[in-house]
Amino acid sequence: MTANKPLYAHNRIETGPDFWMDVCLDPFNARLRVDDYRGSAAGVCRRIHELSSLYVFTKNIVKARAEHIPQFLAHGYMIEAVFYRYFNGSDAYGMALYTSDARRTSVYWLTEDEDLRRVLRLPYRINKEVLPHGYTVRAACVADAAALAQLYGAVFQTYPTPMNESAYIRKVMEGGTIFYVAENAGRIVSAASAEVNRTYHNAEMTDCATYPEHRQYGLMRHLIRALEEDLRHHHLYCVYSLARSLSFGMNAVFHQLGYTYSGRMANNCNIYDKLEDMSLWVKDISAPVL
């Protein structure tokens, strides 16, 4: 990375005589992630090891297919989470291999266990709710990029992607990521996005942020519902989200909207102010809207 600007994630294709893979190299988070692959799982593991050593990454992640779980286990990987219905209806298994004891060890795991138990005791709030007085929700557009960058820069001290840069937000919007925003008095005060995978017809609910003074109004539930409705209109039914395991509020949002907890990825990314564990929540939104 440069002296002033971190080097964020970028995808590239890697091939060998017995494999093909789409790999995300992520220096900012000191990790490698295989988003797709074909061929020999052993060949994929060999190339992951080479790349991880070259970039001095401390965590390697593979979205593995069920039939390849034994091969990845044999190479030292462990299952951390399950992305239900990720591959056009078939499950993907989030498997991880650590190269550092410090990266493998989560000092907040038991605290997060207790928070998860508290979250799972909360009642569902699946039915649509009335927006608080003075707030509106709408789809965002490229013209909102500067206001969104300001929001993300204010809420997160660090973030896995450069969401505090309006040019980056414009880029991801033009690439197909859908944003919805909540406004109060003409100002964007909360936002969330759906990053769409058009190959496997799923979407990640992400980039959830609200200014502190507006967090008591349940705006994020309205934004997630709006994103679900938009995705359903485009016949995308598999949705998931990785929420900070230490964030009781965000985990509560997904549980109350009917998402299923399906695992926790240790020290997964540099977010908020440190490397944090991320809880996976998944949902099939093909059911009728209530």
Side-chain angles (χ1 to χ4, degrees), residues 9-26 29 31-55 57-100 103-104 106 194-206 231 234-243 245 254 258-269 277-287:
H10 58 285
N11 278 68
R12 76 186 199 195
I13 302 301
E14 291 281 335
T15 61
D18 58 351
F19 74 91
W20 172 99
M21 68 177 180
D22 180 359
V23 60
C24 177
L25 302 175
D26 190 356
N29 295 295
R31 67 180 183 183
L32 175 155
R33 188 185 69 242
V34 176
D35 291 324
D36 202 1
Y37 65 92
R38 296 194 296 273
S40 165
V44 168
C45 288
R46 284 195 300 271
R47 186 55 179 154
I48 290 174
H49 176 73
E50 293 168 356
L51 290 170
S52 184
S53 298
L54 177 64
Y55 287 91
F57 291 152
T58 52
K59 182 171 185 175
N60 303 315
I61 306 165
V62 179
K63 291 191 178 86
R65 291 166 174 80
E67 60 269 27
H68 298 138
I69 290 174
Q71 291 97 311
F72 285 110
L73 289 173
H75 283 84
Y77 287 75
M78 65 185 73
I79 298 173
E80 289 194 315
V82 184
F83 297 76
Y84 296 119
R85 298 171 292 278
Y86 181 93
F87 291 121
N88 287 326
S90 296
D91 298 341
Y93 294 80
M95 303 192 71
L97 177 71
Y98 295 86
T99 62
S100 158
R103 186 70 183 260
R104 175 65 186 92
S106 169
E195 185 177 330
V196 178
N197 182 327
R198 301 195 183 279
T199 300
Y200 291 113
H201 302 94
N202 61 57
E204 179 180 3
M205 302 297 200
T206 186
L231 293 168
H234 290 92
H235 308 291
L236 290 163
Y237 305 112
C238 170
V239 296
Y240 67 93
S241 186
L242 285 161
S245 300
F254 288 109
Y259 286 69
T260 299
Y261 173 79
S262 61
R264 194 180 318 163
M265 307 186 82
N267 290 317
N268 204 56
C269 59
D277 305 335
M278 303 296 285
S279 294
L280 180 62
W281 297 88
V282 297
K283 184 178 180 181
D284 178 356
I285 61 170
S286 63

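Only a predicted model underlies this, so the values are computations on that prediction, with no experimental measurement involved. Numbers here simply count residues along the sequence, with the first being 1.
For the pair T99 (side chain) and F57 (backbone), a donor-acceptor distance under 3.5 Å is present. Under the 3.5 Å distance criterion, the side-chain polar atoms of N29 are left unmatched by any main-chain donor or acceptor of R31. The closest donor-acceptor contact from the side chain of S52 to the backbone of I48 lies at 3.5 Å or more, if one exists at all.
In this structure H68 satisfies the ring-ring contact (aromatic ring centres under 6.0 Å, His included) test together with Y37, sequence neighbours excluded. Residues satisfying the side-chain contact (heavy atoms from CB on, under 4.5 Å) test with D22, not counting sequence neighbours, are N11, I13, W20, D36. With sequence neighbours excluded, the residues satisfying side chain to side chain donor-acceptor pair (under 3.5 Å) with E80 are K59, Y98. Under the rule for a salt bridge (charged side-chain N to carboxylate O under 4.0 Å, His left out), D91 has no partner lying at least two apart in sequence or in another chain. In this structure, R103 has no salt bridge (charged side-chain N to carboxylate O under 4.0 Å, His left out) partners at least two apart in sequence or on a different chain. Contacts of R46 classified as salt bridge (charged side-chain N to carboxylate O under 4.0 Å, His left out), with partners at least two apart in sequence or in another chain: D18. Partners of R198 by side chain to side chain donor-acceptor pair (under 3.5 Å), not counting sequence neighbours: none found. With sequence neighbours excluded, the residues that form a ring-ring contact (aromatic ring centres under 6.0 Å, His included) with F83 are Y86, Y240. Residues that satisfy the salt bridge (charged side-chain N to carboxylate O under 4.0 Å, His left out) test with E195, not counting sequence neighbours, are absent from this structure. For the side chain to side chain donor-acceptor pair (under 3.5 Å) test, no residue two or more places apart in sequence or in another chain qualifies with S262. Partners of F19 according to the ring-ring contact (aromatic ring centres under 6.0 Å, His included) rule, which considers only residues two or more places apart in sequence or in another chain, do not exist here. Under the side chain to side chain donor-acceptor pair (under 3.5 Å) criterion, N267 pairs with no residue, sequence neighbours left out.
Y200 contributes atom OH, which lies 15.0 Å from atom CG of L236 (distance to the nearest 0.5 angstrom). Atom CZ of residue R33 and atom CG of residue N60 lie 12.0 Å apart, to the nearest 0.5 angstrom. A distance of 11.0 Å separates OG1 in T58 from CG in L32, rounded to the nearest 0.5 Å. Remark: N268 CG to D26 CG distance equals 9.5 Å, nearest 0.5 Å.
For the pair V239/L231, a side-chain contact is recorded, criterion being any heavy-atom separation below 4.5 Å from C-beta on. The shortest side-chain heavy-atom distance between Y55 and L25 falls under the 4.5 Å cut-off. The shortest distance between side-chain heavy atoms of H201 and Y237 does not fall below 4.5 Å. Looking at heavy atoms from C-beta onward, F72 lies in side-chain contact with C45 at the 4.5 angstrom threshold.
Minimum interatomic distance between A64 and F87 (heavy atoms only, all atoms of both residues): O-CE1, 4.2 Å.
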